[in-house]
Protein chains: 2
Amino acid sequence: MSVSRNPPTRGRPKKLDREHVLKTALLCYWADSPTDVPISEICEKTGASKPSLYREFGSDDGLKEAALDAYDELVSQRRYDILAGDQPYDEALEALITHTVQDRKKADVPNGCLLFAMRARREEFGPLTLAKIDQLRENSLEQYRQWIDRAKSNAQFRRDIPTDTAALYFDAQMGSAMRLQKEGVSNKVIGEILRTAFSAFG
Amino acid sequence: MSVSRNPPTRGRPKKLDREHVLKTALLCYWADSPTDVPISEICEKTGASKPSLYREFGSDDGLKEAALDAYDELVSQRRYDILAGDQPYDEALEALITHTVQDRKKADVPNGCLLFAMRARREEFGPLTLAKIDQLRENSLEQYRQWIDRAKSNAQFRRDIPTDTAALYFDAQMGSAMRLQKEGVSNKVIGEILRTAFSAFG
DNA sequence: AACATTACGTACCTATAGTTACGAAATTAA
DNA sequence: TTAATTTCGTAACTATAGGTACGTAATGTT
């Protein structure tokens, strides 16, 4: 169960599996609520001791930061592929919606979005997590902006709408969709809502 | 400072000013975050003792429930007037947007919306507050539904969109607007976003 | 074999926040 | 004046959760 490491160093070999802890933490935060999962719960679920987690992540804040980062790596690649790809705007939009309202049970991941859930609770996090939240949020806005600008230059998107505003709009709609999903609204209805929202650009 | 009450009863006169406590609590929850304001803070700001608050509201949960109820009474009347009034759909929509993005500093109230903030933190409340959140949310959806249905019957709203979905859409857009406002986005941009979102129905 | 090094985990510490026990105070009724 | 009633508020209690001191275990190096 010890973690792979080369070259093997001296001292007692490390038992804590960082990736396993991160994945467990991220799933707890995601499925439940990021501010309602005590470190002790992560410890129980992974079999790690509290001091081990503190050695690895420094603090609760550090663990949340690392977990959010791991979440992003796990989840945002698909969105990036869609937004950075070279398919036409309409197709990308449809792919985005389809991806957003995909059945989470089939993919075996929780409903909602950890990043949006954390943004809604900004005040409750430490500086590291806060910085990570802001960074990922900015990444996401920037991806929308570049996508929109490319669509504009291909005459596939209305030029009378400022890119910044449109990016905020996309972000806000996706946030609403994730919240509705978490509240239990069906993906079918969420899809209709998203299509309605983006029809405003058509 | 004692509270008005007739007829005067026996026993030590009540000192605790329920309305003052509720207004203070509601403003703290609203301006800050509803889950980050300890009872002790409400006590300090109002000069009441903790046992007094517990006698009056039973528990933290009870206080939050009462504060949310007071918030709704304070805030939702205007929206109700707009939605239940008899002006045409377009005018009502415009009034709704204007009201939503009004300058909060002028009205001397915090940014954002307490009900949406609480909905985003559902898991963190007790049963009383939870029930109140759900009730007010349902009230709000019902107001949208009736408004939309009237607009439909007056041929001012597309009949091909289910009323339930449209109501969810209104609610979601207003939620986004309140969150953006809380995040510091200008009311001007928020107004543009709302107008864009609702242009989908035009 | 003895030492240096690194990681482990039990058992604590501390702060916070919700909650309450209980005796004192302020009023009306008898 | 005394009793009955109602509320007051100090000073606790309790549970939770973040965080750590410290002795032990497991490895490589000499």
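All heavy atoms count here, side chains included; hydrogens, waters and symmetry mates do not. As the structure is a prediction and not an experimental result, all values here were calculated from the model. Proteins get letters first, then strands, A, B, ... in listed order; numbering begins at 1 in each.
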ask   = Whole-Å distance between D:dT7 P and B:Asp17 CG?
value = 15 Å
query = Any donor-acceptor pair under 3.5 Å linking the side chain of A:Gln156 with the backbone of A:Tyr89?
reply = yes
query = So, are B:Arg179 and B:Glu183 salt-bridged, with charged N and O less than 4.0 Å apart?
reply = no
task = Could you state the atom-to-atom distance from CG of A:Leu53 to C1' of D:dA17 in whole Å?
result = 14 Å
Polar pair under 3.5 Å, donor/acceptor by atom type, side chain B:Arg12, base C:dA25 = yes
query = Can you check the A:Glu44 CD to D:dT16 P distance for me, whole Å?
reply = 12 Å
note = Taken to the nearest whole Å, CG/B:Leu16 to C1'/D:dT6 is 14 Å
key: Per A:Arg10 side chain, nearest of listed nucleotides C:dG9, C:dA7, C:dA4   = C:dA4
inquiry  = Rounding to an integer number of Å, can you tell me how far A:Asp36 CG sits from D:dT16 C1'?
reply    = 12 Å
key: OP1 or OP2 of D:dG19 under 4.0 Å from side-chain N/O of A:Tyr54   = yes
inquiry  = Regarding C:dT19, can its base be found pairing with the side chain of B:Lys50 as donor and acceptor, where the two atoms are less than 3.5 Å apart?
reply    = yes
A:Glu124 with B:Arg121: basic N within carboxylate O range, under 4.0 Å = yes
query = Among the nucleotides D:dC8, D:dG18, C:dA21, which one has an atom lying closest to any side-chain atom of B:Pro51?
reply = C:dA21
note = Checking C:dT20, C:dC8, D:dG28 against the side chain of A:Arg55 (C-beta onward), the nearest is C:dC8
ask   = How long is the line joining CD1 of A:Ile42 and P of D:dA17, in whole Å?
value = 12 Å
task = For A:Ile148 and A:Tyr169, run side chain to side chain contact (heavy atoms under 4.5 Å, CB included): C-alpha distance rounded to whole Å, both residues' side-chain angles, the deciding distance at 0.1 Å, then the answer.
result = CA-CA 11 Å; A:Ile148 293 163; A:Tyr169 189 84; over 6 Å; no
request  = Taking A:Arg150 for its side chain and A:Leu83 for its backbone only, find out whether a donor-acceptor pair lies under 3.5 Å.
outcome  = yes
ask   = When the distance from NZ of A:Lys64 to C1' of D:dA17 is rounded to whole Å, what number comes out?
value = 10 Å
task = Starting at atom CD of A:Glu41, determine the distance to atom C1' of D:dA15, rounded to an integer number of angstrom.
result = 17 Å
query = Does B:Lys15 put a side-chain nitrogen or oxygen below 4.0 Å from OP1 or OP2 of D:dT6?
reply = no
query = Within less than 4.0 Å of OP1 or OP2 of C:dC8, is there a side-chain N or O belonging to A:Ser49?
reply = no
